[in-house]
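These notes concern the structure reproduced below.
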Amino acid sequence: MNTNNIATFNTINRGYNQTFQPGKLSIGLVVPIERYENGPVPSMQDHLQKVQLAESLGFSAVWLRDVPFNVPSFGDAGQVFDPFVYLGYLAAATKDIALGVSSIILPLRHPAHVAKAATSADQLSDGRLILGVASGDRPEEYPAMNMSFDDRGERFRESFNYIQAMWETRPTLQNTHGNINADKLNPLDMLPKPVAGKLPLLITGSSQQSPEWAAQNADGWMTYPRNPVDQMRAIGEWKRNVEAAGRAPQPVMQPLYIDLVEDVNARPTPIHLGFRTGVNYLREYLQTAEQIGVNHLALNLRFNRADMDETLKRLGEEILPNQNSIQLAS
């Protein structure tokens, strides 16, 4: 198969480059890698061992979430730990797997703290950080931090710009988040800088932005699963907007909840944002996702009923080898 005509993605850092390759679908995992379907809070038992097992099996990335509060209506406390603290812990305990966040809620954090923490995690992991960012979808969190919910889109944009400015040496910036080096008499600088000079910033959903803004500014798009026809349409729109912005192609990723059953031929039955199925249908689904332009798929095993280590090993033996050869996206 001739792959010479596949447009390349930008080279950013080690984590981004190994996770996103044109025409190819890589597979990652959402942390925590455990079953907790009967309540919102995971046990986090053996959490590090499972991430290390995922790395040894060849999964390309693990993804953390930013969940400041356990909101009952949301029903999921994520990995419980603060994502940036946990990134530092994982950076020291792993060597190659990409460390992703899907996603940091920018309007709830000062961008100086996000920039400092993210570049620290990038340095500690030798360039393996992929930073997903979002505007937030849990209104209950905003009054808890004395912040408004309705204008979060504007604050998201200004935070995004602030974080990018911090990669420069002695940057100049003025917006609602701060005034940096306006007079240049005693210029400030933020350290450390990203390993590769910048961090990959992936936008989640719309994040209260126009499709044109997202296509102009993001290093990739995180979107929820849809049926293949709708997903292909959404990815096509993303690609057209990126091209209209005069940019190189930018990757697409999505999560997927699965419950992998023992019967390899079991057909899918729906669960939250995914399905319960056997390995053969999962292969079919992943092949379709690759063909319609998904570049990375993060599996969420929260509802998986089988032993978790055995499920990871099955995925590593029966699914990951099928992702090694590049397939042209149609």
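Predicted, not measured: the structure shown is a model, and the values here were computed from it. Both backbone and side-chain heavy atoms feed into the values below; hydrogens, waters and symmetry mates do not.
By the salt bridge (Lys or Arg N to Asp or Glu O under 4.0 Å) test, Arg247 is found to be paired with Asp219, residues two or more places apart in sequence or in another chain being considered. By the salt bridge (Lys or Arg N to Asp or Glu O under 4.0 Å) test, Arg35 pairs with Glu37, sequence neighbours left out.
Note on residues 132-152: pairs passing salt bridge (Lys or Arg N to Asp or Glu O under 4.0 Å), not counting sequence neighbours, are Arg138-Glu141, Asp151-Arg155.
A donor and an acceptor atom, one from each side chain of Arg65 and Gln79, are nowhere located under 3.5 Å apart. Residues Thr223 and Gln254 bring no donor and acceptor atom of their side chains to less than 3.5 Å of each other. Side-chain contact annotation: Thr94 with Arg128, donor-acceptor N/O pair under 3.5 Å present. Neither side chain, Thr11 nor Asn17, offers a donor N or O lying under 3.5 Å from an acceptor on the other. Residues Ser26 and His296 have side chains that bring a donor and an acceptor to within less than 3.5 angstrom of each other.
No salt bridge links Arg314 with Glu262; every basic N to acidic carboxylate O contact stays at or beyond 4.0 Å.
Here the side chain of Thr119 pairs no donor or acceptor atom with the backbone of Lys193 at under 3.5 angstrom. The closest donor-acceptor contact from the side chain of Trp221 to the backbone of Pro251 lies at 3.5 Å or more, if one exists at all. Side-chain N or O atoms of Ser206 include one that pairs as donor or acceptor with a backbone N or O of Gln208 at under 3.5 Å. No side-chain donor-acceptor contact under 3.5 Å links Gln231 to the backbone of Ile292. Between the side chain of Asn265 and the backbone N or O of Gly278, no donor-acceptor pair lies under 3.5 Å. With Glu55 contributing its side chain and Ile97 its backbone, the two residues share a donor-acceptor pair below 3.5 Å. Of the possible donor and acceptor atoms, one in the side chain of Trp238 sits under 3.5 Å from a partner among the backbone N and O of Gln250. Within the 3.5 Å criterion, the main-chain N or O of Ala266 finds a donor-acceptor partner in the side chain of Thr277. At least one donor-acceptor pair under 3.5 Å links the side chain of Glu158 to the backbone N or O of Thr176.
Taking both residues in full, the closest heavy atoms of Ala298 and Trp63 are given as CB-CD1, 3.6 Å, listed atom of the first, atom of the second, then distance. Between Gly293 and Val252, the closest heavy-atom pair is O-CB, 3.9 Å. Residue Asn181 comes nearest to Pro187 through the heavy atom pair OD1-CA, 3.1 Å, listed as atom of the first residue, atom of the second, then distance. Glu290 and Leu25 make their closest contact through OE2-N, 3.0 Å (heavy atoms, listed as atom of the first residue, atom of the second, distance). Smallest separation of non-hydrogen atoms from Phe69 and Ala144: CZ-CB, 3.7 Å. Taking each heavy atom of Pro22 and Asn295 in turn, the nearest pair found is CA-ND2, 4.3 Å.
Within the 4.5 Å cutoff, the side chain of Leu282 has heavy atoms near those of the Leu286 side chain. Counting heavy atoms from C-beta outward, Ser43 and Glu34 have side chains that approach closer than 4.5 Å. Within the 4.5 Å cutoff, side-chain heavy atoms of Met253 are placed close to those of Phe20. Between Leu48 and Leu90 the shortest side-chain heavy-atom distance falls below 4.5 Å. The side-chain heavy atoms of Leu256 and Asn300, taken from C-beta on, include no pair separated by under 4.5 Å. At least one side-chain heavy atom of Tyr86 sits under 4.5 Å from a side-chain heavy atom of Met44.
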*Are Asp309 and Gln49 close enough, and set up right, to give a side chain to side chain donor-acceptor pair (under 3.5 Å), and what steps lead you there?*
CA-CA 10 Å; Asp309 285 5; Gln49 174 267 334; 3.3 Å; yes
_Verdict with reasoning, Arg109 to Asp66, per salt bridge (Lys or Arg N to Asp or Glu O under 4.0 Å)_ = CA-CA 11 Å; Arg109 296 174 179 261; Asp66 187 13; 2.9 Å; yes
*asked:* As a quick check of understanding, evaluate side-chain contact (heavy atoms from CB on, under 4.5 Å) for Leu129 and Leu87, giving each step before the final call.
replied: CA-CA 8 Å; Leu129 180 69; Leu87 283 169; 3.7 Å; yes
_From CA spacing to verdict: side-chain contact (heavy atoms from CB on, under 4.5 Å), Met222, Ile203_ = CA-CA 6 Å; Met222 298 181 176; Ile203 193 169; over 6 Å; no
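Within the cation-pi definition used here (under 6.0 Å to the ring centroid, within 45° of the axis), Arg302 qualifies as a partner of Tyr36.
If you look at Tyr257 and Phe275, their ring centroids are not closer than 6.0 Å. Between His47 and Phe81, a ring centre-to-centre spacing shorter than 6.0 Å is recorded.
Checked options Val195, Leu99, Leu131; the residue passing with Asp122 is Val195 (criterion: side chain to side chain contact (heavy atoms under 4.5 Å, CB included)).
Cluster annotation: Tyr89 is connected to Val80 through the hydrophobic network of ILVMFWY side chains, with a link wherever side-chain heavy atoms come within less than 4.5 Å.
Ring geometry, Phe160 versus Phe156: the interplanar angle falls from 30° to 60°, so the pair is classed tilted.
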